Amino acid sequence: MTLLKLPPLLDPHVHLREPGATHKEDWDTGTAAALAGGYTQVLAMPNTQPPITDAPALALSQTAARAKARCDYGIYLGAGADNMETAAALAPHTCGLKMYLDQTFGSLRMDDLASLMAHMARWPAHKPLAVHAEGRTVAAAILVAHLAGRAVHICHVSRKDEIELIHAAKERGLQVTCEVTPHHLFLTADTPSTLARPIREGFREVRPRLATEGDRLALWAHLSAIDCFATDHAPHTIPEKTGPNPPPGFPGLETAVALLLGAVHSGRLTVEDITLRMHTNIRRIFGLPDQPDTFIEIDPDLEWTVRAQEMFSRCGWSPWEGQTLRGRVVRTVLRGKVAYEYGKVSAQPGTGKDIAQYPIPNTKD
Ligand code: NCD
Ligand code: ZN
(Lines give C-alpha, C1' and ligand atoms only; values in the text may rest on other atoms or scores of the structure.)
(Ligands and ions follow the chains in the order given, each with its own letter.)
Protein backbone atom coordinates (compact mmCIF):
# COMPACT_ATOMS: atom_id res chain seq x y z
CA MET A 1 0.00 0.00 0.00
CA THR A 2 1.48 3.32 -1.07
CA LEU A 3 -0.01 6.39 0.53
CA LEU A 4 -0.18 9.60 -1.46
CA LYS A 5 0.85 12.71 0.45
CA LEU A 6 -1.02 15.73 -0.89
CA PRO A 7 -1.66 19.36 0.07
CA PRO A 8 -4.74 19.68 2.31
CA LEU A 9 -8.17 20.09 0.72
CA LEU A 10 -9.92 23.46 1.02
CA ASP A 11 -13.66 23.94 0.55
CA PRO A 12 -14.98 27.36 -0.41
CA HIS A 13 -18.63 26.34 0.04
CA VAL A 14 -20.09 24.61 3.10
CA HIS A 15 -23.21 25.10 5.23
CA LEU A 16 -22.46 24.40 8.89
CA ARG A 17 -25.90 25.49 10.21
CA GLU A 18 -24.76 27.33 13.31
CA PRO A 19 -26.29 29.59 14.52
CA GLY A 20 -29.87 28.39 14.35
CA ALA A 21 -30.07 24.81 13.09
CA THR A 22 -27.59 22.81 15.11
CA HIS A 23 -29.84 19.75 14.92
CA LYS A 24 -28.60 19.46 11.30
CA GLU A 25 -24.93 20.33 11.92
CA ASP A 26 -22.80 22.66 14.03
CA TRP A 27 -19.27 24.03 13.99
CA ASP A 28 -18.06 20.92 15.83
CA THR A 29 -19.64 18.17 13.72
CA GLY A 30 -19.21 20.07 10.45
CA THR A 31 -15.49 20.66 10.96
CA ALA A 32 -15.01 17.06 12.19
CA ALA A 33 -16.62 15.93 8.91
CA ALA A 34 -14.27 18.31 7.07
CA LEU A 35 -11.14 16.83 8.66
CA ALA A 36 -12.38 13.30 7.97
CA GLY A 37 -12.82 14.29 4.33
CA GLY A 38 -9.29 15.77 4.14
CA TYR A 39 -10.24 19.45 4.50
CA THR A 40 -8.32 21.83 6.74
CA GLN A 41 -10.01 25.10 5.71
CA VAL A 42 -13.73 25.52 5.03
CA LEU A 43 -15.62 28.66 4.11
CA ALA A 44 -19.06 28.74 5.73
CA MET A 45 -22.12 30.15 4.01
CA PRO A 46 -24.26 32.84 5.66
CA ASN A 47 -27.76 31.34 5.23
CA THR A 48 -27.97 30.47 8.91
CA GLN A 49 -30.64 31.51 11.41
CA PRO A 50 -30.24 34.45 11.78
CA PRO A 51 -28.56 34.97 8.42
CA ILE A 52 -25.09 36.54 8.65
CA THR A 53 -25.92 39.98 7.27
CA ASP A 54 -24.81 42.31 10.07
CA ALA A 55 -22.31 42.61 12.92
CA PRO A 56 -24.40 40.95 15.68
CA ALA A 57 -25.11 37.88 13.52
CA LEU A 58 -21.48 37.68 12.41
CA ALA A 59 -20.41 37.85 16.06
CA LEU A 60 -22.78 34.96 16.90
CA SER A 61 -21.23 32.79 14.22
CA GLN A 62 -17.68 33.81 15.19
CA THR A 63 -18.26 33.03 18.86
CA ALA A 64 -19.61 29.56 18.08
CA ALA A 65 -16.84 28.85 15.58
CA ARG A 66 -14.09 30.04 17.92
CA ALA A 67 -15.31 27.65 20.61
CA LYS A 68 -16.12 24.65 18.44
CA ALA A 69 -14.28 24.55 15.11
CA ARG A 70 -11.72 21.75 14.74
CA CYS A 71 -10.29 22.98 11.44
CA ASP A 72 -9.64 26.46 10.06
CA TYR A 73 -12.56 28.38 8.66
CA GLY A 74 -13.84 31.57 7.13
CA ILE A 75 -17.30 33.08 7.46
CA TYR A 76 -19.13 34.66 4.54
CA LEU A 77 -21.32 37.68 4.91
CA GLY A 78 -24.69 37.48 3.14
CA ALA A 79 -25.81 40.21 0.74
CA GLY A 80 -29.28 41.59 1.36
CA ALA A 81 -31.38 44.30 -0.22
CA ASP A 82 -30.30 46.91 2.33
CA ASN A 83 -26.94 45.99 3.86
CA MET A 84 -24.46 47.30 1.25
CA GLU A 85 -22.72 49.73 3.62
CA THR A 86 -22.77 47.34 6.59
CA ALA A 87 -21.42 44.53 4.43
CA ALA A 88 -18.54 46.60 3.04
CA ALA A 89 -17.61 47.76 6.56
CA LEU A 90 -17.53 44.17 7.86
CA ALA A 91 -15.52 42.84 4.89
CA PRO A 92 -12.17 42.53 6.74
CA HIS A 93 -13.79 40.23 9.30
CA THR A 94 -15.15 37.81 6.69
CA CYS A 95 -13.84 35.49 3.98
CA GLY A 96 -16.08 37.00 1.33
CA LEU A 97 -19.55 38.15 0.33
CA LYS A 98 -22.20 35.63 -0.77
CA MET A 99 -25.02 36.76 -3.01
CA TYR A 100 -28.06 34.60 -3.68
CA LEU A 101 -29.58 35.48 -7.03
CA ASP A 102 -31.62 32.31 -7.28
CA GLN A 103 -33.83 29.95 -5.35
CA THR A 104 -32.14 28.65 -2.24
CA PHE A 105 -32.70 27.37 1.29
CA GLY A 106 -33.43 30.23 3.70
CA SER A 107 -34.42 33.86 3.33
CA LEU A 108 -31.30 35.32 1.72
CA ARG A 109 -32.29 36.08 -1.83
CA MET A 110 -31.76 39.21 -3.88
CA ASP A 111 -33.98 39.69 -6.86
CA ASP A 112 -33.33 43.20 -8.04
CA LEU A 113 -30.63 44.46 -10.34
CA ALA A 114 -30.08 47.65 -8.32
CA SER A 115 -29.02 45.69 -5.21
CA LEU A 116 -26.75 43.49 -7.29
CA MET A 117 -25.06 46.56 -8.77
CA ALA A 118 -24.78 48.33 -5.41
CA HIS A 119 -23.11 45.34 -3.70
CA MET A 120 -20.75 44.76 -6.62
CA ALA A 121 -19.72 48.41 -6.53
CA ARG A 122 -19.19 48.65 -2.76
CA TRP A 123 -17.74 45.28 -1.70
CA PRO A 124 -13.93 45.70 -1.65
CA ALA A 125 -12.44 44.66 -4.99
CA HIS A 126 -9.73 42.51 -3.38
CA LYS A 127 -12.21 40.46 -1.31
CA PRO A 128 -13.91 37.35 -2.74
CA LEU A 129 -17.47 37.72 -4.00
CA ALA A 130 -19.31 34.43 -4.54
CA VAL A 131 -22.64 34.22 -6.27
CA HIS A 132 -25.40 31.64 -6.35
CA ALA A 133 -26.59 32.24 -9.90
CA GLU A 134 -28.40 30.00 -12.35
CA GLY A 135 -29.22 30.48 -16.01
CA ARG A 136 -29.62 34.15 -16.87
CA THR A 137 -28.40 35.41 -13.51
CA VAL A 138 -24.96 33.93 -14.33
CA ALA A 139 -24.79 36.35 -17.24
CA ALA A 140 -26.00 39.21 -15.07
CA ALA A 141 -23.41 38.52 -12.35
CA ILE A 142 -20.54 38.33 -14.85
CA LEU A 143 -21.52 41.52 -16.63
CA VAL A 144 -22.15 43.59 -13.51
CA ALA A 145 -18.87 42.41 -11.96
CA HIS A 146 -17.03 43.32 -15.15
CA LEU A 147 -18.56 46.79 -15.20
CA ALA A 148 -17.61 47.21 -11.53
CA GLY A 149 -14.04 46.22 -12.43
CA ARG A 150 -13.97 43.28 -10.06
CA ALA A 151 -13.72 39.49 -9.99
CA VAL A 152 -16.70 37.24 -9.34
CA HIS A 153 -16.90 33.56 -8.39
CA ILE A 154 -19.89 31.53 -9.61
CA CYS A 155 -20.94 28.81 -7.16
CA HIS A 156 -21.99 25.25 -8.02
CA VAL A 157 -22.30 25.52 -11.83
CA SER A 158 -24.57 22.73 -12.99
CA ARG A 159 -25.70 23.27 -16.57
CA LYS A 160 -24.30 23.22 -20.09
CA ASP A 161 -25.31 26.76 -21.03
CA GLU A 162 -23.81 28.12 -17.81
CA ILE A 163 -20.43 26.44 -18.16
CA GLU A 164 -20.27 27.41 -21.84
CA LEU A 165 -20.96 31.04 -20.95
CA ILE A 166 -18.35 31.03 -18.19
CA HIS A 167 -15.80 29.40 -20.48
CA ALA A 168 -16.44 31.99 -23.18
CA ALA A 169 -16.16 34.82 -20.66
CA LYS A 170 -12.83 33.45 -19.40
CA GLU A 171 -11.51 33.21 -22.95
CA ARG A 172 -12.25 36.91 -23.34
CA GLY A 173 -10.25 37.62 -20.21
CA LEU A 174 -13.14 38.45 -17.86
CA GLN A 175 -12.37 37.97 -14.17
CA VAL A 176 -14.73 35.08 -13.53
CA THR A 177 -14.02 31.84 -11.69
CA CYS A 178 -16.31 28.94 -10.88
CA GLU A 179 -16.81 25.81 -8.85
CA VAL A 180 -18.61 22.53 -9.56
CA THR A 181 -19.84 19.99 -6.99
CA PRO A 182 -19.21 16.25 -7.08
CA HIS A 183 -22.97 15.62 -7.15
CA HIS A 184 -23.39 17.58 -10.37
CA LEU A 185 -20.39 15.76 -11.86
CA PHE A 186 -21.69 12.29 -10.99
CA LEU A 187 -25.49 12.44 -10.73
CA THR A 188 -28.33 13.56 -12.96
CA ALA A 189 -32.04 14.05 -12.42
CA ASP A 190 -32.50 10.63 -14.01
CA THR A 191 -29.84 8.69 -12.14
CA PRO A 192 -31.87 5.62 -11.18
CA SER A 193 -30.77 5.89 -7.81
CA THR A 194 -29.18 4.20 -4.97
CA LEU A 195 -29.40 7.86 -4.03
CA ALA A 196 -30.05 7.48 -0.34
CA ARG A 197 -32.14 4.86 1.37
CA PRO A 198 -35.04 4.75 1.75
CA ILE A 199 -35.35 6.14 -1.76
CA ARG A 200 -37.66 9.08 -1.48
CA GLU A 201 -37.85 12.06 -3.77
CA GLY A 202 -36.96 14.42 -0.93
CA PHE A 203 -33.43 13.06 -0.82
CA ARG A 204 -32.90 14.23 -4.39
CA GLU A 205 -33.80 17.85 -3.63
CA VAL A 206 -30.78 20.08 -4.08
CA ARG A 207 -30.11 23.55 -5.49
CA PRO A 208 -29.13 23.85 -8.24
CA ARG A 209 -31.24 20.81 -9.14
CA LEU A 210 -29.58 17.71 -10.52
CA ALA A 211 -29.53 18.32 -14.26
CA THR A 212 -29.56 16.25 -17.46
CA GLU A 213 -26.94 13.84 -18.74
CA GLY A 214 -26.10 16.45 -21.42
CA ASP A 215 -25.46 19.03 -18.70
CA ARG A 216 -23.34 16.62 -16.71
CA LEU A 217 -21.21 15.68 -19.71
CA ALA A 218 -20.77 19.36 -20.59
CA LEU A 219 -19.25 19.99 -17.15
CA TRP A 220 -16.69 17.27 -17.84
CA ALA A 221 -16.08 18.59 -21.35
CA HIS A 222 -15.31 22.05 -19.92
CA LEU A 223 -13.08 20.79 -17.12
CA SER A 224 -10.46 23.35 -18.11
CA ALA A 225 -12.92 26.13 -17.21
CA ILE A 226 -13.67 24.66 -13.77
CA ASP A 227 -11.46 26.33 -11.16
CA CYS A 228 -12.63 24.50 -8.06
CA PHE A 229 -14.42 21.40 -6.85
CA ALA A 230 -16.58 22.48 -3.90
CA THR A 231 -18.91 20.27 -1.91
CA ASP A 232 -21.78 22.68 -1.14
CA HIS A 233 -22.06 20.50 1.97
CA ALA A 234 -25.69 21.24 2.89
CA PRO A 235 -26.87 18.85 5.61
CA HIS A 236 -30.54 18.37 6.48
CA THR A 237 -31.85 15.54 8.66
CA ILE A 238 -33.66 12.39 7.48
CA PRO A 239 -37.02 13.48 8.98
CA GLU A 240 -36.66 16.79 7.12
CA LYS A 241 -35.74 15.13 3.82
CA THR A 242 -38.61 12.65 4.10
CA GLY A 243 -41.14 15.21 5.37
CA PRO A 244 -43.76 17.15 3.43
CA ASN A 245 -41.46 20.03 2.41
CA PRO A 246 -38.04 18.49 1.94
CA PRO A 247 -35.33 21.19 2.09
CA PRO A 248 -32.73 21.12 -0.69
CA GLY A 249 -29.16 20.05 0.00
CA PHE A 250 -26.74 17.13 0.18
CA PRO A 251 -23.97 16.48 2.69
CA GLY A 252 -20.66 16.14 0.84
CA LEU A 253 -17.52 16.72 2.89
CA GLU A 254 -16.83 13.07 3.70
CA THR A 255 -17.30 11.64 0.21
CA ALA A 256 -15.99 14.31 -2.20
CA VAL A 257 -12.39 13.32 -2.70
CA ALA A 258 -13.21 9.60 -2.82
CA LEU A 259 -15.71 10.23 -5.63
CA LEU A 260 -13.15 12.30 -7.51
CA LEU A 261 -10.49 9.62 -6.99
CA GLY A 262 -12.94 7.27 -8.69
CA ALA A 263 -12.62 9.52 -11.73
CA VAL A 264 -8.84 9.21 -11.45
CA HIS A 265 -9.19 5.42 -11.51
CA SER A 266 -11.40 5.62 -14.59
CA GLY A 267 -8.92 7.91 -16.35
CA ARG A 268 -11.08 11.04 -16.39
CA LEU A 269 -9.00 13.05 -13.94
CA THR A 270 -5.44 13.08 -12.68
CA VAL A 271 -4.41 13.54 -9.07
CA GLU A 272 -2.92 16.89 -10.18
CA ASP A 273 -6.37 17.93 -11.48
CA ILE A 274 -7.72 17.28 -7.99
CA THR A 275 -4.97 19.16 -6.15
CA LEU A 276 -5.32 22.10 -8.53
CA ARG A 277 -9.09 22.36 -7.97
CA MET A 278 -9.29 21.42 -4.30
CA HIS A 279 -6.24 23.31 -3.05
CA THR A 280 -4.15 25.53 -5.33
CA ASN A 281 -6.89 27.44 -7.17
CA ILE A 282 -9.06 27.80 -4.06
CA ARG A 283 -6.16 29.26 -2.11
CA ARG A 284 -5.48 31.75 -4.88
CA ILE A 285 -9.07 32.77 -5.62
CA PHE A 286 -10.07 33.15 -1.96
CA GLY A 287 -6.72 34.49 -0.75
CA LEU A 288 -6.45 31.80 1.93
CA PRO A 289 -3.49 31.87 4.31
CA ASP A 290 -0.79 29.22 4.28
CA GLN A 291 -1.10 26.48 6.89
CA PRO A 292 2.42 25.32 7.76
CA ASP A 293 3.08 21.57 8.20
CA THR A 294 -0.40 20.76 6.92
CA PHE A 295 -1.11 17.90 4.52
CA ILE A 296 -3.24 14.83 3.91
CA GLU A 297 -2.45 11.22 3.17
CA ILE A 298 -4.64 9.26 0.81
CA ASP A 299 -4.82 5.55 0.21
CA PRO A 300 -5.83 5.62 -3.46
CA ASP A 301 -6.80 1.95 -3.55
CA LEU A 302 -8.67 1.58 -0.29
CA GLU A 303 -12.19 0.33 -1.02
CA TRP A 304 -14.87 1.38 1.41
CA THR A 305 -18.63 1.44 1.54
CA VAL A 306 -20.41 4.69 2.35
CA ARG A 307 -22.31 4.41 5.62
CA ALA A 308 -23.76 7.64 6.93
CA GLN A 309 -23.96 6.07 10.38
CA GLU A 310 -20.17 6.04 10.49
CA MET A 311 -19.81 9.66 9.42
CA PHE A 312 -19.18 12.75 11.49
CA SER A 313 -21.84 14.93 9.88
CA ARG A 314 -24.91 15.13 12.09
CA CYS A 315 -27.42 14.79 9.25
CA GLY A 316 -27.37 10.98 9.29
CA TRP A 317 -27.60 10.22 5.57
CA SER A 318 -25.58 10.42 2.38
CA PRO A 319 -26.64 10.46 -1.27
CA TRP A 320 -23.97 7.79 -1.80
CA GLU A 321 -25.18 5.45 0.97
CA GLY A 322 -24.22 1.84 0.28
CA GLN A 323 -21.90 2.63 -2.62
CA THR A 324 -18.42 1.23 -2.63
CA LEU A 325 -15.83 3.89 -3.42
CA ARG A 326 -12.14 3.40 -4.13
CA GLY A 327 -9.70 5.79 -2.48
CA ARG A 328 -9.92 7.50 0.88
CA VAL A 329 -8.24 10.06 3.09
CA VAL A 330 -6.56 8.11 5.87
CA ARG A 331 -4.78 10.95 7.68
CA THR A 332 -5.17 14.74 7.93
CA VAL A 333 -2.35 16.67 9.57
CA LEU A 334 -2.99 20.29 10.60
CA ARG A 335 -0.08 22.45 11.77
CA GLY A 336 2.07 19.44 12.50
CA LYS A 337 -0.57 17.56 14.51
CA VAL A 338 -2.64 14.58 13.42
CA ALA A 339 -6.19 15.94 13.23
CA TYR A 340 -7.82 12.85 11.69
CA GLU A 341 -6.53 9.32 11.27
CA TYR A 342 -8.27 6.13 10.13
CA GLY A 343 -11.78 6.99 11.27
CA LYS A 344 -10.88 9.05 14.32
CA VAL A 345 -10.89 12.83 14.62
CA SER A 346 -8.34 13.94 17.20
CA ALA A 347 -8.29 17.72 16.68
CA GLN A 348 -10.22 19.31 19.51
CA PRO A 349 -13.09 21.80 19.27
CA GLY A 350 -11.69 25.33 19.38
CA THR A 351 -8.40 24.52 17.69
CA GLY A 352 -9.56 25.83 14.29
CA LYS A 353 -8.52 29.38 13.37
CA ASP A 354 -10.48 32.09 11.58
CA ILE A 355 -8.81 32.92 8.25
CA ALA A 356 -10.07 36.52 8.35
CA GLN A 357 -7.25 38.98 8.57
CA TYR A 358 -8.98 40.97 11.26
CA PRO A 359 -11.36 38.87 13.32
CA ILE A 360 -13.61 41.06 15.49
CA PRO A 361 -11.91 40.98 18.91
CA ASN A 362 -13.41 38.45 21.29
CA THR A 363 -15.33 40.54 23.80
CA LYS A 364 -14.78 37.90 26.49
CA ASP A 365 -10.97 38.25 26.32
C1 NCD B 1 -28.26 24.90 0.47
C2 NCD B 1 -28.65 24.79 1.93
O3 NCD B 1 -29.30 23.83 2.30
O4 NCD B 1 -28.28 25.68 2.71
N5 NCD B 1 -29.00 23.94 -0.28
C6 NCD B 1 -28.65 23.40 -1.45
O7 NCD B 1 -29.48 22.68 -2.01
N8 NCD B 1 -27.48 23.62 -1.99
C9 NCD B 1 -28.51 26.28 0.00
C10 NCD B 1 -27.81 26.64 -1.26
O11 NCD B 1 -26.59 26.47 -1.38
O12 NCD B 1 -28.48 27.19 -2.15
ZN1 ZN C 1 -24.70 26.23 -0.85
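Just so you know, ligand 1 is whichever comes first in the structure, and atom 1 is the first atom listed for that ligand. Since we're looking at a predicted model, the values are computed, not measured. The chain is numbered in sequence order, starting from 1.
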Starting from atom 10 (C) of ligand 1, locate the nearest protein heavy atom and write down its residue, its atom name and how far away it is, to 0.1 Å. Thr104 OG1, 3.2 Å
Suppose we measure from atom 8 (N) of ligand 1 to each protein heavy atom; which comes out shortest, and what is that distance? Asp232 OD2, 2.8 Å
With a 6.0 Å cut-off (strictly less than), is the heavy-atom count around NZ of Lys68, excluding the residue itself, greater than 12? yes
Counting heavy atoms not belonging to Lys170, are there more than 12 under 6.0 Å from its NZ? yes
How about Phe250 and Trp320: are their ring centres within less than 6.0 Å of each other? no
Quick check on the 6.0 Å ring-centre criterion: do His156 and His184 meet it? no
Which of the numbered atoms in ligand 1 are under 4.0 angstrom from any heavy atom belonging to [X]?
| X | value |
| --- | --- |
| Gly249 | 5 (N), 6 (C), 7 (O) |
| His132 | 12 (O) |
| Pro248 | 2 (C), 3 (O), 5 (N), 6 (C), 7 (O) |
| Arg17 | 2 (C), 3 (O), 4 (O) |
| Ala234 | 1 (C), 2 (C), 3 (O), 5 (N) |

N/O/S atom name from Asp232 that is nearest to the position of the Zn ion (ligand 2): OD1
Looking at His15, the N, O or S atom sitting nearest the Zn ion (ligand 2) is NE2
Give yes if a backbone or side-chain nitrogen or oxygen of His236 is under 3.5 Å from a nitrogen or oxygen of ligand 1, and no if not. yes
Looking only at side chains, do His236 and Arg17 share a donor and an acceptor under 3.5 Å apart? yes
So, Thr305 versus Thr324: side-chain donor-acceptor pair below 3.5 Å or not? yes
Mind checking whether the Zn ion (ligand 2) has an N, O or S of Cys155 under 2.8 Å? no
N/O/S atom of His132 inside 2.8 Å of the Zn ion (ligand 2), strictly under: no
Selection from Lys98, Arg207, His156 by shortest heavy-atom distance to atom 6 (C) of ligand 1: Arg207
Contact partition for [X] relative to ligand 1, non-hydrogen atoms under 4.0 Å:
| X | answer |
| --- | --- |
| His15 | side chain |
| Val206 | both |
| Glu205 | neither |

Checking side-chain contact (heavy atoms from CB on, under 4.5 Å) against [X], which of [options] comes through?
| X | options | value |
| --- | --- | --- |
| His279 | Leu288, Leu10, Leu6, Leu9 | Leu10 |
| Leu334 | Gln291, Gln41, Lys353, Arg70 | Gln291 |
| Glu162 | Lys160, Arg159, Glu164 | Arg159 |

What pair of heavy atoms forms the shortest contact from Cys178 to Asp227, and how long is it? N-OD2, 2.8 Å
